[in-house]
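Only one structure is covered here, and it is reproduced in the block below.
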Number of protein chains: 2
Amino acid sequence: MEDFLSAITHEGLAGRLKRLSDELLYSTRAYYKSTGLDIEPNWHLVFLLLERQEQMTITEISQELKMSHPGMVKIVNGMKKKGYLLSQSDENDSRKQLLSLSEKAKNLLPEFRRHWDAGIMTMQQLVEDSPHFLDELRNLELKFAESNYQQRTSENLKTL
Amino acid sequence: MEDFLSAITHEGLAGRLKRLSDELLYSTRAYYKSTGLDIEPNWHLVFLLLERQEQMTITEISQELKMSHPGMVKIVNGMKKKGYLLSQSDENDSRKQLLSLSEKAKNLLPEFRRHWDAGIMTMQQLVEDSPHFLDELRNLELKFAESNYQQRTSENLKTL
DNA sequence: TACATTTACGTAACTGGTTACACAAAAACA
DNA sequence: TGTTTTTGTGTAACCAGTTACGTAAATGTA
């Protein structure tokens with residue numbers, strides 16, 4: 001695999017990460033399509049969260065998954081349209097929309113879980129001979145949490 | 001940093017990669033905006049390719065960057081609109097559009113390069129205490145090139 | 001209690017990628 | 001040479017996320 005992005009190492013790193021995550025996204029969607037599961041790749045984690053905690057608001061979910069709330073609104077609307085989510089407004093705070101799994105979702109969860117487990121196996125196989133990958137990915141996340149690309153690069157520019 | 005995605009390890013890996021690459025994308029855009037550079041994050045690599053090789057077609061660029069050609073059409077149109085790219089049709093093959101850097105692009109390249117260099121420094125700093133990251137990222141790419149998520153997961157499902 | 005601030009959510013407009021389809025030009029081939 | 005296949009590009013429709021803005025409810029405060 002000749003690869004311009006790999007050849008230019010640090011310059012291509014952002015693009016490679018994007019490529020990899022896009023590939024995962026599209027391949028996961030193709031997998032769901034081929035197996036007839038009527039879900040989108042990004043719904044998975046919402047199912048998991050609502051299984052762990054029965055009722056959550058959009059804001060809570062988006063914070064937990066570190067995603068913007070408008071992004072989460074779209075996901076939730078999609079899941080509602082398919083009948084996987086119920087919403088009810090909070091008695092004490094009418095702004096809040098309490099989301100929970102529908103009966104349909106609960107019934108289908110065991111089937112979903114089989115496929116998710118197969119996916120977990122795939123990810124395990126993928127990193128099994130890259131023993132530092134997860135730890136070092138964590139390092140990167142922590143570094144960016146400290147100071148992001150923009151801040152770091154602005155600083156670096158001054159030193160050039 | 002408590003993190004649901006990190007806690008569930010393999011199950012959250014795809015999401016973490018997406019988060020990281022999105023963060024890089026948006027932070028890079030913010031950087032360009034703050035410094036007044038009139039370019040988009042993904043144009044960088046097209047500039048580099050056309051600096052290395054004076055004329056390239058859309059298909060060649062999209063293959064080099066492993067991106068779909070419609071995606072590249074959009075990028076190229078954006079760069080043309082800003083006057084960074086010239087196109088001329090191939091004498092021998094009228095379907096082909098030969099792309100090259102405009103004078104404006106060539107004149108601005110030294111300035112762009114300063115900022116890209118600062119960005120390279122950022123990426124170096126980011127991985128400097130994660131000495132296996134690049135190699136192991138390469139591992140992952142190679143594994144996916146062999147067999148992608150969909151194929152692997154379909155296989156894994158049979159073993160469950 | 002009145003007013004200012006924060007919070008929760010929604011919508012609009014945008015970027016960035018994909019697949020699916022169309023079509024003409026070039027190449028392969030019978 | 002005529003026909004089929006491949007290639008290069010373009011367009012449409014879609015999904016996934018963002019920022020920016022608006023609004024109403026809740027909260028804090030003078």
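Chain letters run A, B, ... following the sequence lines, proteins first and then strands; every chain starts at 1.
Comparing A:L25 and A:D90, the nucleotide of DNA chain D nearest to each residue sits closer to the 5' end for A:L25. With the nearest nucleotide of DNA chain C identified for both A:T57 and A:K18, A:T57 has the one nearer the 5' end.
One donor-acceptor pair, N or O on each side, does fall under 3.5 Å between the base of D:dG10 and the side chain of B:H69. Between the side chain of A:R95 and the base of D:dA25 there is at least one donor-acceptor pair of N/O atoms closer than 3.5 Å. A donor-acceptor contact under 3.5 angstrom links the side-chain atoms of B:K74 to the base of C:dG17.
Straight-line distance from the OH atom of B:Y26 to the P atom of D:dG17: 9 Å, rounded to whole Å. Distance, A:L98 CG to D:dA25 P: 17 Å, rounded to whole Å. As a whole-Å value, the separation of A:N42 CG from C:dT18 P is 17 Å. Nucleotide D:dC15 holds its C1' atom 13 Å from the NZ atom of A:K33, rounded to whole Å. C:dA8 atom P lies 14 Å from atom CG of A:N92, rounded to whole Å. Protein atom CG of A:N77 is 7 Å distant from nucleotide atom P of C:dT11, rounded to whole Å. The distance between atom CH2 of A:W43 and atom P of D:dA16, rounded to the nearest whole Å, is 8 Å. Taking atom CD on A:E23 and atom P on C:dT19, their separation rounds to 10 Å, with Å as the unit.
Salt-bridge check for B:K74 with B:E40: failed, with every basic side-chain N at 4.0 Å or more from each acidic carboxylate O. A:R114 and A:E111 are not joined by a salt bridge, as no carboxylate oxygen comes within less than 4.0 angstrom of a charged side-chain nitrogen. Between B:E64 and B:R52, at least one side-chain nitrogen of the basic residue sits less than 4.0 Å from a carboxylate oxygen of the acidic one, meeting the salt-bridge criterion.
Below 30°, between 30° and 60°, or above 60°: for B:F47 and B:W116 the angle between ring planes is between 30° and 60°, a tilted geometry.
When distances run from any side-chain atom of A:D22 to the nucleotides D:dG8, D:dT11, C:dG17, the shortest one goes to C:dG17. Taking the side chain of B:R29 as heavy atoms from C-beta on, and the options C:dT15, C:dA25, C:dC9, the nearest nucleotide is C:dT15. With distances taken from any side-chain atom of B:M67 to the nucleotides D:dT19, C:dG17, D:dA25, the minimum falls on C:dG17. Here C:dT18 is the nucleotide among C:dT18, D:dT9, C:dC9 with the atom lying nearest to any side-chain atom of B:P70. Across C:dT19, D:dG10, C:dG16, the shortest atom-to-atom separation from the side chain of B:I58 is found for D:dG10. Which of C:dA25, D:dG10, C:dG10 sits closest to the side chain of B:S94 comes down to C:dA25.
Here A:T59 lies in heavy-atom contact (under 4.0 Å) with sugar-phosphate atoms only.
The backbone N or O of A:N156 sits less than 3.5 Å from a side-chain atom of A:T159, completing a donor-acceptor pair.
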